[in-house]
Amino acid sequence: MDNTPVRVRFAPSPTGSLHIGGVRTALYNYLLAKKTGGQFIIRIEDTDQTRFVPGAEDYIYEALDWCGIKADEGVRQGGPYGPYRQSERKPMYRQYADQLVADGHAYYAFDTKEELDEMRDRLTKARVASPQYNSITRVQMKNSLTLPADEVAARLAGGDPYVIRLKVPRKEEIRLNDLIRGWVMVHSATLDDKVLMKSDGMPTYHLANVVDDYLMKITHVIRGEEWLPSAPTHVLLYKFLGWEDVMPKFAHLPLILKPDGNGKLSKRDGDALGFPVFPLEWTEQETGKVVKGFREEGFLPEAVVNFLALLGWNNGTHQEVYSMDELIQEFTAERIGKSGTKFDIAKARWFNQQYLHAKTSVQQAEYLLADLAKEGITTTNEYAAQVCALVQERTVFSGDFWKEGSFLFVAPTEFDATVAATKWSSDAAAVLTKFGAELAEYPSITADEAKHLLHEITDGLGIKIGKVMQAIRLAITGRAAGPDLMQVIAILGPAEVAQRCAYAIKTLATHLKPVV
RNA sequence: GGCCCGUUCGUCUAGGGGUUAGGACGCGUCCCUUUCACGGACGAAACACGGGUUCGAUUCCCGUACGGGCUACCA
């Protein structure tokens, strides 16, 4: 593929949190921009003032930032084609709508909401396949095509509410060459006369999008497949505005689907499905409900990016783990798949594990230290790193270091009930009593030394070590399973272990089977 | 309903007119391990269906089925 620098944009609406499909769209745009040495632009499409959600824009930026996706131009960083918020570009759109009207490609429409509903009802009852405002129905509606010129002028002068609609040609084949899907052909008869300018003076998505992409010199429009049906309308707009020669290339991304089979993944699915669909935590405005994001669940941004990148794209090799730089190097729009992809959280977890385990213990310790701080526990960086090294293969999420290693900071006060009931024995108590006592001789102990000591004791008592191992783990950690016990003992140190043995013997005494 | 897009293991996918249809996640068995996990080995598992085209189709074409998207003065 040729590597002419592209200009691409990610153009979200600030109507709520960004969901993970949006993040992928942003990522693909970003990758293509960086790969070609072009620019990635963030444009905020806030033309619908009724759906504006405060904080959504900040969220979008923070989320992309977390993922390592940085814009070259946008609301925050500015740029030569600003402003980058459509509400602030409002005065720029009018002239293009006027131009379209003047050229006979658009017209004023005065129909009320009720009249539009009535028209659709009527058409539905008449079993018209697709009831819409189009080349056929517009002749029966109130617009500048049907009303006398003087009435139109009077209405406009009198301040009657109106919209400007695109005058879609009656019979024309519209074709667009999608980078992912190839040629897509649509007959203009199936298109409706989309509103271009709303009665509040704001452009609709369709007009604003085309105008801004033109003005911002966008070369590639990479967006979700839900936009494919309106792409022909956009092609028409480029043509009517005389911009056909600089029309961007289109790439409509396959949608991310729910894992259970049907429908695209939506913002509401997170809770129902038991995994995040948002990059970051989001507080719902109306309900105040807090929905966790990938970040809060302990996912690493590198893992999320990697997982998302491969949800619908691959470079044809068997490579699965890619850094952002490698993705940039390898990415091509041509290798984006055509079909919708189900969201597989298990694979995401696997990626996270890969990235988490690839970190050094010192890096991992940062997660543990953060959790310890929340618990009010202080420790040294060295000790935290030691713990991380020990428990790392049991971790998938950043929060797992604390979950898996908490007993290395806090002595157990409760013991796994099942193990206590089935494995705790007088033999175990005897071994532990001796072990605790012997430990007093050691200022510190290595894993090997602990192992030898334990063997000595069990051999001396004539007890098979396998019989009591589970019970010893229980006594020292309170748990049924965990990392290598001898290393746990080494890290904890003889004094602490001795103390825990004593406590366990006392506490678990009730579990001893009565000696007959 | 109409328009548009899609369809290779359960999932993400590679491949492509003649292949033992490859990899990864997940799953199962075994090994390692006196635990769990990690790791290792092995295994089960797919070309939606029907017609063409062809010496030969999973691959190309057409239908059907199924899935998805859109069908607002929302993006």
Side-chain angles (χ1 to χ4, degrees), chain A residues 11-15 45-48 50-51 86 109 111-113 116-117 120 124 127-133 161-165 178 180-182 184-187 189-192 194-206 208-209 223-232 252 254-255 257-259 261-264 307 310-321 335 337-351 353 357 391-396 404 419 423 451 454 458 464-470 472-474 477 479-485:
Chain A
S13 289
T15 55
E45 309 223 326
D46 55 350
T47 53
D48 186 353
T50 64
R51 293 210 308 159
Q86 287 184 331
D111 315 275
T112 63
K113 171 94 167 62
L116 290 171
D117 288 346
R120 292 195 180 98
T124 304
R127 293 188 189 166
V128 171
S130 51
Q132 54 188 13
Y133 207 117
Y162 67 93
V163 300
I164 296 177
R165 284 183 182 272
D178 188 274
I180 296 171
R181 283 148 222 292
V184 176
M185 266 161 281
V186 178
H187 286 90
T190 67
L191 263 32
D192 64 338
K194 283 256 171 340
V195 170
L196 265 19
M197 273 287 183
K198 298 187 264 192
S199 54
D200 65 358
M202 273 295 214
T204 57
Y205 170 85
H206 306 288
N209 191 260
R223 84 241 280 198
E225 196 185 358
E226 70 267 26
W227 291 109
L228 194 50
S230 54
H252 289 94
L255 267 14
L257 276 13
K258 299 180 208 244
N262 32 54
K264 68 170 171 174
F307 167 67
L310 260 46
L311 215 51
W313 173 88
N314 72 85
N315 76 343
T317 70
H318 286 159
Q319 186 176 349
E320 301 252 22
V321 177
R335 289 202 63 90
K338 294 180 197 312
S339 47
T341 55
K342 287 181 184 166
F343 188 88
D344 180 12
I345 194 66
K347 189 77 178 243
R349 294 166 60 107
W350 178 80
F351 273 112
Q353 189 180 49
H357 292 189
V391 302
Q392 85 126 353
E393 57 259 358
R394 314 173 58 75
T395 59
V396 173
E404 292 294 332
V419 178
K423 304 287 186 185
K451 191 170 185 176
L454 210 47
T458 50
K464 284 199 171 161
I465 195 165
K467 282 263 185 188
V468 295
M469 209 55 182
Q470 284 272 81
I472 298 171
R473 173 180 297 284
L474 181 75
T477 71
R479 303 188 182 195
D484 183 76
L485 190 55

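We name chains A, B, ... by the order of the sequence lines, and we start the count at 1 in each one.
A:Asp344 pairs by the salt bridge (Lys or Arg N to Asp or Glu O under 4.0 Å) definition with nothing, not counting sequence neighbours. Taking the salt bridge (Lys or Arg N to Asp or Glu O under 4.0 Å) definition, one finds that A:Arg181 meets it with A:Glu225, sequence neighbours left out. A:Asp484 meets the salt bridge (Lys or Arg N to Asp or Glu O under 4.0 Å) test with no other residue; sequence neighbours excluded. Here A:Arg335 pairs with A:Asn314 under the side-chain hydrogen bond (donor to acceptor under 3.5 Å, both in side chains) rule; sequence neighbours left out. Judged as a salt bridge (Lys or Arg N to Asp or Glu O under 4.0 Å), and not counting sequence neighbours, A:Asp111 has no contacts. A:Glu226 meets the side chain to side chain contact (heavy atoms under 4.5 Å, CB included) test with A:Leu255, A:Lys264; sequence neighbours excluded. Looking at residues two or more places apart in sequence or on another chain, you find a side chain to side chain contact (heavy atoms under 4.5 Å, CB included) between A:His357 and A:Gln353, A:Gln392, A:Thr395. Partners of A:Gln86 under the side-chain hydrogen bond (donor to acceptor under 3.5 Å, both in side chains) rule, at least two apart in sequence or in another chain, are A:Glu45, A:Asp212.
A:Arg223 comes within 4.0 angstrom of no nucleic acid atom, judged by non-hydrogen atoms across all strands. Using a 4.0 Å heavy-atom cutoff across all strands shown, A:Gly316 reaches sugar-phosphate atoms only and no base atom. Residue contacts for A:Pro254: at a heavy-atom cut-off of 4.0 Å it reaches no nucleic acid atom on any strand shown. Within 4.0 Å of A:Val163, counting heavy atoms only, lies at least one base atom of the nucleic acid. Residue contacts for A:Arg473: at a heavy-atom cut-off of 4.0 Å it reaches a base atom on one of the strands shown.
For A:Arg127 and B:G1, the shortest distance from a side-chain N or O to OP1 or OP2 is not below 4.0 Å.
What separates CD of A:Glu45 from P of B:C74 is a distance of 14 Å, to the nearest Å. Atom CG in A:Asp46 sits roughly 13 Å away from atom C1' in B:C74 (whole-Å rounding).
Between A:Trp227 and A:Tyr205, the two ring planes are parallel [angle under 30°; tilted spans 30° to 60°].
Below the 3.5 angstrom threshold, one finds a donor paired with an acceptor across the side chain of A:Arg51 and the base of B:C74.
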Between protein and nucleotides 37-39 of chain B, what N or O pairs are separated by less than 3.5 Å?
{"residue": "B:A37", "atom": "O2'", "partner": "A:Glu393", "partner atom": "O", "Å": "2.6"}

Pairs under 3.5 angstrom, nitrogen or oxygen only, protein versus nucleotides 19-21 of chain B, please.
none

Can you check nucleotides 9-12 of chain B for protein contacts, nitrogen or oxygen pairs under 3.5 Å, and list what you find?
{"residue": "B:C12", "atom": "OP1", "partner": "A:Lys342", "partner atom": "N", "Å": "2.8"}
{"residue": "B:C12", "atom": "O2'", "partner": "A:Leu310", "partner atom": "O", "Å": "3.2"}

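Applying the salt bridge (Lys or Arg N to Asp or Glu O under 4.0 Å) test to pairs two or more places apart or on separate chains, those with a residue in residues 311-321 of chain A are A:Glu320-A:Lys347.
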